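The model shown is predicted, which means the values in this text are computed figures rather than measured ones.
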Amino acid sequence: MTREPVWQPSASQAALESRAQQLAFVRGFFAQRGVLEVETPVLGRCGVTDVNLDGIHAQVAAGSRAGGWLQTSPEYHMKRLLAAGCGSIYQVSRVFRDGEHGRRHNPEFSMLEWYRTGFDDLALMEEVSDLVCGWLGCQRPVVIQYRCALERWAGIDPFAATDRELMRRCEQWLEPDQLADLGRDGCLDLLMSFAVEPHLGRDKPVFITGYPASQASLARVSRSDGFETAHRFELYVDGLELCNGYWELTDPQEQRLRFEADNELRKRSGKPEMVVDEAFLAALEQGLPECSGVALGLDRLLMLKLGVQNISEVLAFPFERA
């Protein structure tokens, strides 16, 4: 027996109105700061090499072998605009990620991404605080180092621990044979998700900074206490990750090496290798200005504003109703 499709939206009228208010707030926020709004392709020729992201392939012309990728982020196209001299820019875009579905995820979602020329990661964190706290009416975030967070809530030093020690710590959530395919960064991601994130931002928002260099393929890297750390930050509010930001890498040779390393990881994990975006690398060769950038999930920000627990409550039509 065929079940009738559900035609009604899953979001309430109040949620739809709040989304419109959020977009007006975002555009007013950047207009006051003289940041240019831009649009870039949703369908691009290339996907991303990041082993933690799976894009959605799209057939461009019926009967042909041409294809493209629904973008997981507007990042590469926006950086091409930066290299062309656009100055500070922002974009509200629809992005797509395969396999992401659940209480906090939908394969298609709304992302706010912006780049500030002349900003380092610390300056951008201040602006992120202005936007998020201005919209939510919450306290400004505190800053916790990644290493301190893992030591406090996961009981392990993410830089000094051996791979075997990390795997043993993860056995609470996965069987040993499952852990064998994770690798070091996979174990750290698991510990962050299950042991650390539930505690973050409960009293007030919190920025996590100082990630291992291997967990930020598009960020600058510094050496601290004998370990390489990335100029990357994430913001958490009430246990929910809202955004991911970098002081951007501008070296095209280093970026190519990181893409190649990503593809090697993809191959080892059984994922298809991805074609490197040569247009993006050509833009870096031309010269990316000193800048920092951040991607923020607007649906999650709206969830926090409305106090709801499921992303379907802020989407007109989540995937199962699309």
Side-chain angles (χ1 to χ4, degrees), residues 10-26 29 52 73 92 95 97 100-114 121-122 124-155 158 172-173 188-211 215-216 232-246 294-316 318:
S10 58
S12 66
Q13 181 68 22
L16 297 176
E17 291 173 358
S18 188
R19 181 179 287 275
Q21 293 161 6
Q22 182 191 65
L23 289 172
F25 174 85
V26 165
F29 180 90
N52 296 310
S73 160
V92 175
V95 296
R97 297 181 181 181
E100 297 201 1
H101 193 270
R103 188 168 60 87
R104 296 178 172 182
H105 298 87
N106 192 64
E108 176 185 3
F109 61 98
S110 293
M111 177 180 286
L112 167 63
E113 188 152 335
W114 78 95
D121 47 333
L122 298 178
L124 188 58
M125 287 164 66
E126 286 296 313
E127 188 163 73
V128 170
S129 299
D130 291 341
L131 186 144
V132 170
C133 298
W135 171 246
L136 294 179
C138 61
Q139 298 182 66
R140 294 185 75 82
V142 296
V143 178
I144 299 177
Q145 292 293 312
Y146 177 90
R147 188 178 194 177
C148 295
L150 268 289
E151 287 176 333
R152 178 177 178 183
W153 287 296
Q172 177 179 344
W173 295 281
L188 289 173
D189 286 342
L190 187 147
L191 290 173
M192 189 69 180
S193 296
F194 289 97
V196 179
E197 285 185 2
H199 300 281
L200 297 177
R202 295 300 183 184
D203 298 324
K204 62 177 64 174
V206 59
F207 281 117
I208 299 294
T209 64
Y211 285 79
Q215 298 203 359
R232 171 191 177 190
F233 63 84
E234 289 192 332
L235 177 63
Y236 289 85
V237 181
D238 201 20
L240 191 64
E241 179 212 332
L242 275 184
C243 70
N244 187 22
Y246 296 153
V294 62
L296 187 150
L298 287 174
D299 305 313
R300 290 187 173 189
L301 186 62
L302 191 55
M303 288 172 64
L304 289 166
K305 181 74 169 180
L306 299 178
V308 300
Q309 301 301 311
N310 197 304
I311 196 170
S312 66
E313 296 179 76
V314 299
L315 300 176

- Step by step, work out the side-chain contact (heavy atoms from CB on, under 4.5 Å) result for Met192 and Leu200. CA-CA 10 Å; Met192 189 69 180; Leu200 297 177; 4.0 Å; yes

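- Using modelled atom types, one side-chain atom of Asp299 and one backbone atom of Ser110 make a donor-acceptor pair closer than 3.5 Å.
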- Task: Under the side-chain contact (heavy atoms from CB on, under 4.5 Å) rule, what do Asp203 and Gln139 come out as? Steps first, then yes or no, please.
- Result: CA-CA 9 Å; Asp203 298 324; Gln139 298 182 66; over 6 Å; no

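- Checked by atom type and distance alone, the side chain of Glu113 never pairs as donor or acceptor with a backbone atom of Ser73 at under 3.5 Å.
- In this structure, Tyr211 OH and Gln145 CD are separated by 10.5 Å, a value rounded to the nearest 0.5 Å.
- In this structure, Arg19 and Leu315 have side chains that are in contact, with non-hydrogen atoms separated by less than 4.5 Å.
- Once rounded to the nearest 0.5 Å, the distance linking CD of Glu241 with CD1 of Ile208 reads 10.5 Å.
- From Leu131, atom CG reaches atom CD of Glu126 across 13.0 Å, with rounding to the nearest 0.5 Å.
- Lys204 places no side-chain N or O within 3.5 Å of a backbone atom of Val142 that could act as its donor or acceptor partner.
- Expressed to the nearest 0.5 Å, how far CG of Leu298 lies from NZ of Lys305 amounts to 13.5 Å.
- Between Asp130 and Arg140 there is a salt bridge, with a side-chain nitrogen of the basic residue lying less than 4.0 Å from a carboxylate oxygen of the acidic one.
- When all heavy atoms are compared, the tightest approach of Val206 to Gly201 is CG1-N, 3.4 Å.
- No side-chain heavy atom of Glu108 sits less than 4.5 Å from a side-chain heavy atom of Val95.
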- Task: List the steps, then state whether side-chain contact (heavy atoms from CB on, under 4.5 Å) holds for Leu191 with Trp173.
- Result: CA-CA 9 Å; Leu191 290 173; Trp173 295 281; 3.6 Å; yes

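- When each of Asp121, Asn244, Thr209 is checked for a side chain to side chain donor-acceptor pair (under 3.5 Å) with Arg232, only Asn244 meets the rule.
- If you take CG on Leu124 and CD on Glu127, they are separated by 6.5 Å, rounding to the nearest 0.5 Å.
- Remark: side-chain polar atoms of Ser129 are paired, donor with acceptor, to backbone N or O of Met125 under 3.5 angstrom.
- You'll find the side chain of Pro205 stays beyond 4.5 Å of the side chain of Val132, heavy atoms only.
- Of the possible donor and acceptor atoms, none in the side chain of Arg300 sits under 3.5 Å from a partner among the backbone N and O of Leu240.
- Ring geometry for Phe233 against Phe207 counts as perpendicular: the plane angle is over 60°, on a 0 to 90° scale with 30° as the lower cut.
- The closest side-chain heavy-atom distance from Phe109 to Arg104 is not below 4.5 Å.
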- Message: Show, in sequence, the C-alpha distance, side-chain angles and deciding distance for Tyr146 and Glu234, and conclude whether the side chain to side chain donor-acceptor pair (under 3.5 Å) test is met.
- Response: CA-CA 10 Å; Tyr146 177 90; Glu234 289 192 332; over 6 Å; no

- Message: Run Ser10 and Glu313 through side chain to side chain donor-acceptor pair (under 3.5 Å) and show every step you take.
- Response: CA-CA 6 Å; Ser10 58; Glu313 296 179 76; over 6 Å; no

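- A donor-acceptor distance shorter than 3.5 angstrom exists from the side chain of Arg202 to the backbone of Asp238, with no hydrogens or angles considered.
- Residues Val196 and Leu150 are in side-chain contact: their nearest non-hydrogen atoms beyond the backbone lie under 4.5 Å apart.
- In terms of modelled atom types and a separation under 3.5 Å, the side chain of Arg103 and the main chain of Gln309 share a donor-acceptor contact.
- Side-chain contact between Leu301 and Leu136 is present, with at least one heavy-atom pair separated by less than 4.5 Å.
- Taken to the nearest 0.5 Å, the CH2 atom of Trp135 stands 5.5 Å off from the CD atom of Gln22.
- No side-chain heavy atom of Leu242 sits under 4.5 Å from any side-chain heavy atom of Val128.
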